[in-house]
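I have placed the structure first, in the form of structure tokens, so that the comments after it can refer back to it.
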There are 2 protein chains.
Amino acid sequence: MSHHQRLLDSLRQAGHRLTPQREMILAIIGESQTHLTAKAILQRVRARYPHINKSAIYRTLDLLTRLGLVNPTDLGHGQIEYEIRQRPFHHHLICHNCGKITRVDESLFASLDRKLRDEYGFAADLCHFAIFGLCAKCQARTTPTRTRRTK
Amino acid sequence: MSHHQRLLDSLRQAGHRLTPQREMILAIIGESQTHLTAKAILQRVRARYPHINKSAIYRTLDLLTRLGLVNPTDLGHGQIEYEIRQRPFHHHLICHNCGKITRVDESLFASLDRKLRDEYGFAADLCHFAIFGLCAKCQARTTPTRTRRTK
DNA sequence: ATCCTTATTGCGACTAGTTGCAACAACAGA
DNA sequence: TCTGTTGTTGCAACTAGTCGCAATAAGGAT
């Protein structure tokens, strides 16, 4: 079953309506292989359905997030980026200095997840983390003199 | 040494100028015991220095963050909240359903930090995390029927 | 095929935060 | 104390995202 079809079904099954706007949005998210910003989605939907409003995009994205169908991630680019939620989950290491983004596997968070459940009874949503820090290269470069501004 | 003084010194030592605007902002952050939003800081500075502009607030907050003096955290309230960076660090568990926020100790992240260093050479900035999920109470309440909207 | 309920839309106004630029003012050096 | 450099400010315009509301239209029921 295609992503698109799966998204449509989940939406209907959860009792939500299937509007043409939502179908377009789902189609675009479903066929995308990468992260998409709300703006990118808006532009692509507009290409085929010029009248759509940005509110519909944001509201649909919000709905899909609440249903656990997409993951919003703040990669530090000033906009939130969305992608289909799919196992295995992955997270992102983002270098403050050079901006390099490294994908890491969800397994990294297994022990944290266990601790949160055991000690706090908290069911964490550990499926779309952005972890900021310094990559190996930038540590070497910036450690000696880290006083001056980075940006 | 007071927080205020320590912040002033760090700023000067890093080669930045000490403007009246910055002094006010630092004083307010230094004497606050809780998270502060940019808006709250702006209002409090305005009380004594009416002419200050929001850009100065945001730019100073940004600078302090880059210098590692304050931590910005998105607690899901629609604004970023800032607080003095102080050991021991703490993180926040935020319940998607009821909004309850639980403080947890930084020790929770020790093994993750180690793994990131060992496996990726990545020096993560694990000092101000917001982890979303479901608290124990809300898990019990929402697990049986989790189809309908939460918001 | 039609009707009814109510979820969803477009719209416009709003909030949070960012940015480029000209004017200003710290502060190092003389 | 004065001066010059350049970091910092206020401003205004901008971007991302949210919200209330009236109009619209999905989709279940008849």
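What you are looking at is a predicted structure, and each value in this text was computed from that prediction instead of being measured.
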Residue-phosphate contact under 4.0 Å: B:Gln21 side-chain N/O, D:dG10 OP1/OP2
yes
As a test of understanding, state which of A:His90, A:His91, A:Arg87 forms a side chain to side chain donor-acceptor pair (under 3.5 Å) with A:Glu106.
A:Arg87
Please list, pair by pair, any protein nitrogen or oxygen found under 3.5 Å from a nitrogen or oxygen in nucleotides 20-25 of chain D.
| from | atom 1 | to | atom 2 | distance (Å) |
| --- | --- | --- | --- | --- |
| D:dG20 | O6 | A:Arg59 | NH1 | 3.4 |

With the side chain defined as heavy atoms from C-beta on, B:Leu18 is closest, among C:dG17, C:dC27, D:dG27, to C:dC27
Axis-to-axis angle for the helix from C:dA1-D:dT30 to C:dA30-D:dT1, ends of five pairs each, to 10°, equals 20°
Winner on side-chain proximity to B:Lys54, out of C:dC11, D:dA13, D:dT8, is D:dA13
Is there a side-chain polar atom (N or O) of A:Tyr58 under 4.0 Å from OP1 or OP2 of D:dT18?
no
Please state whether the phosphate of D:dA26, meaning OP1 or OP2, lies under 4.0 angstrom from any side-chain nitrogen or oxygen of A:His16.
no
Would you call B:Asp113-B:Arg117 a salt bridge at under 4.0 Å N-O?
yes
Using a cut-off of under 3.5 Å, enumerate the N/O to N/O pairs linking the protein to nucleotides 28-30 of chain C.
| from | atom 1 | to | atom 2 | distance (Å) |
| --- | --- | --- | --- | --- |
| C:dA28 | OP1 | B:Arg12 | NH2 | 2.9 |

C:dT9 phosphate, OP1 or OP2: any side-chain N/O from A:Thr19 under 4.0 angstrom?
yes
Given D:dC11, is OP1 or OP2 found less than 4.0 Å from the side-chain N or O atoms of B:His51?
yes
Between OH of B:Tyr49 and C1' of C:dA25 the distance, given in whole Å, is 10 Å
